[in-house]
Asker: 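Provided herewith is a single structure, encoded as structure tokens, for subsequent inquiry.
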There are 2 protein chains.
Amino acid sequence: MDPQPFHDHDHHLCSDAVMSQAEAMLTASGARLTPVRRRVLEILLEQHRAMGAYDVLQRLAAEGFGNQPPVAYRALDFLVEQGLAHRIQRLNAFTACMHPGEAHAPAFLICQGCNTVAEAPAAPVRAALESAAADLGFTVERASVEALGLCPACREAS
Amino acid sequence: MDPQPFHDHDHHLCSDAVMSQAEAMLTASGARLTPVRRRVLEILLEQHRAMGAYDVLQRLAAEGFGNQPPVAYRALDFLVEQGLAHRIQRLNAFTACMHPGEAHAPAFLICQGCNTVAEAPAAPVRAALESAAADLGFTVERASVEALGLCPACREAS
DNA sequence: TCTATGTATGTAATATCATAACACGTCAAG
DNA sequence: CTTGACGTGTTATGATATTACATACATAGA
Ligand SMILES: [Zn+2]
Ligand SMILES: [Zn+2]
Ligand SMILES: [Zn+2]
Ligand SMILES: [Zn+2]
């Protein structure tokens, strides 16, 4: 679960670990990981990518769940609220959180070559941002930090 | 033009300065500030806010310009390309650049109380981000840093 | 057990944001 | 004058997201 999305790795180690952690978190908090929600999380966990709500919806519909947008959006919103998924503003898309439970305000690294999305630890970034904001008297409540660029493999290949 | 969007100020000093600078930049670069484009910039400059493309479009239509989405999007895209406007991902909206010409990769501070949008100098933020990315072998090409929170006035009022 | 309540899901309809494709007008270079 | 680049206008469509309402389902009192 602390892998390099950008490098070859046994991805089941990622997804299995996150699923277990998700179950534990939700059991603890009392929130319910219903079939739709679980399935959406599994779908997001299949790859280190961001998926649009309609892509998720299509998968759900093919598996016998509802096929109207709210079905996908509700599950996705739930996961985001529970800290199990993140919304990538830049892509109008969602990605599974790879470090659920850990307090984290990540920066997202979006590879323009292979569409991989990685969470980078961003404590220093947040600190710098809050400092810059404080200079203007502004109090940061939530922030999104998203970088487009090239992962090591795609940089190599280009 | 180096005002505090969050504080009372003579806003004409902002907009006039930016307009002059925009004209100078475009004259120099050879790009054309046509009536639609100029008007869109003026509209964006009316307030320290972000406006949706369709809001801009409505204004344009009321003034006799075309009333179809591409009219607004083309002008907005032009301004963004020329560095005269920024897109705020979080809001699906656009805001005039308050520091055109200056090389800058700003962080945006979005007040949830009054919807004011300010550009904060973000060189340290970018540096921290690039460093965090480099740790994963990732090369940043473009990044968006957007913070939601409260400006001084709204924080006071709450 | 039997409701009552809150929560989750399903669906229809609609709102909001964005782009593709094509037609027309203008203007300057050749 | 013709050509070609560019800007604008318009139609049509695509992509993303939410509102509103109906239905199912769990579970906690009575
Ligand atoms: Zn993985
Ligand atoms: Zn995360
Ligand atoms: Zn101002
Ligand atoms: Zn700017």
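Hydrogens, waters and symmetry mates are skipped; everything else that's a heavy atom, side chains included, is used. Reminder, nothing fancy here: chain letters follow the sequence lines and each chain counts from 1.
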Asker: Could you tabulate the donor-acceptor pairs under 3.5 Å formed by side-chain atoms of residues 128-135 of chain A, not counting sequence neighbours?
Answerer:
none

Asker: Taking the minimum atom-to-atom distance to the side chain of B:Pro69, which one of D:dA17, C:dT11, D:dA12 wins?
Answerer: D:dA12
Asker: Just the rounded figure in Å: distance from P of C:dT9 to CZ of A:Phe65.
Answerer: 9 Å
Asker: Can you tell me if B:Glu119 uses its side chain to pair, donor with acceptor, with the backbone of B:Met98 under 3.5 Å?
Answerer: yes
Asker: Roughly how many Å is it from CG in B:Leu76 to C1' in C:dC17, rounded to a whole number?
Answerer: 12 Å
Asker: I need the CD-P distance between B:Gln68 and D:dT10, as an integer number of Å.
Answerer: 6 Å
Asker: For the rings on A:His9 and A:His7, is their centre-to-centre separation under 6.0 Å?
Answerer: no
Asker: Name every residue in residues 56-64 of chain B that has at least one heavy atom under 4.0 Å from any atom of DNA chain C, in order of residue number, or write none if there are no such residues.
Answerer: none
Asker: Where the side chain of B:Tyr73 is defined as all heavy atoms beyond and including C-beta, which of C:dC17, C:dT11, D:dT10 is the nearest nucleotide?
Answerer: C:dC17
Asker: Hey, is the side chain of A:Asn92 poking within less than 4.0 Å of OP1 or OP2 on D:dA17, counting only N and O atoms?
Answerer: yes
Asker: Other hydrophobic cluster members with A:Leu150, side-chain heavy atoms of Ile/Leu/Val/Met/Phe/Trp/Tyr under 4.5 Å, chained?
Answerer: none
Asker: Using heavy atoms and a sub-4.0 Å distance, could you list which residues of residues 30-37 of chain A are near DNA chain C? By number, please.
Answerer: A:Arg32, A:Thr34, A:Val36, A:Arg37
Asker: Other hydrophobic cluster members with B:Ile110, side-chain heavy atoms of Ile/Leu/Val/Met/Phe/Trp/Tyr under 4.5 Å, chained?
Answerer: B:Ile88, B:Leu91, B:Phe108, B:Val117, B:Leu148
Asker: Does CD belonging to B:Gln112 count more than 12 external heavy atoms closer than 6.0 Å?
Answerer: yes
Asker: Nearest whole Å is fine: how far is C:dA8 P from A:Asp77 CG?
Answerer: 13 Å
Asker: Could you check how far CZ of B:Arg39 sits from C1' of D:dT8, rounded to whole Å?
Answerer: 17 Å
Asker: I'd like to know if the side chain of B:Arg37 and the backbone of B:Arg32 have a donor-acceptor N/O pair within less than 3.5 Å.
Answerer: yes
Asker: Between A:Phe78 and B:Ala93, which has a closest nucleotide on DNA chain C that is more 5'?
Answerer: A:Phe78
Asker: Would you tell me if any nitrogen or oxygen in the side chain of B:Asn67 comes within less than 4.0 Å of OP1 or OP2 on D:dT10?
Answerer: yes
Asker: Between CD of B:Gln21 and CG of B:Asp16, what distance do you get to the nearest 0.5 Å?
Answerer: 12.5 Å
Asker: Between A:Tyr54 and D:dA15, is there a contact of a side-chain N or O with OP1 or OP2 at under 4.0 Å?
Answerer: no
Asker: With sequence neighbours excluded, give me every salt bridge (Lys or Arg N to Asp or Glu O under 4.0 Å) pair touching residues 38-51 of chain B.
Answerer: B:Glu23-B:Arg38, B:Arg38-B:Glu42, B:Arg39-B:Glu42, B:Arg39-B:Glu63, B:Glu46-B:Arg59
Asker: How long is the span from the CD atom in B:Gln58 to the CD1 atom in B:Ile43, to the nearest 0.5 Å?
Answerer: 10.5 Å
Asker: Could you give the CZ-to-C1' distance, from A:Arg90 to D:dT16, as a whole number of Å?
Answerer: 17 Å
Asker: Of the listed nucleotides (C:dT19, D:dT10, C:dT11), which one gets closest to any side-chain atom of B:Arg74?
Answerer: D:dT10
Asker: Taking CG from A:Asp55 and P from D:dA17, how many angstroms apart are they, rounded to a whole number?
Answerer: 11 Å
Asker: Could you tell me the separation between the CZ atom of A:Arg38 and the C1' atom of C:dT9, rounded to a whole number of Å?
Answerer: 18 Å
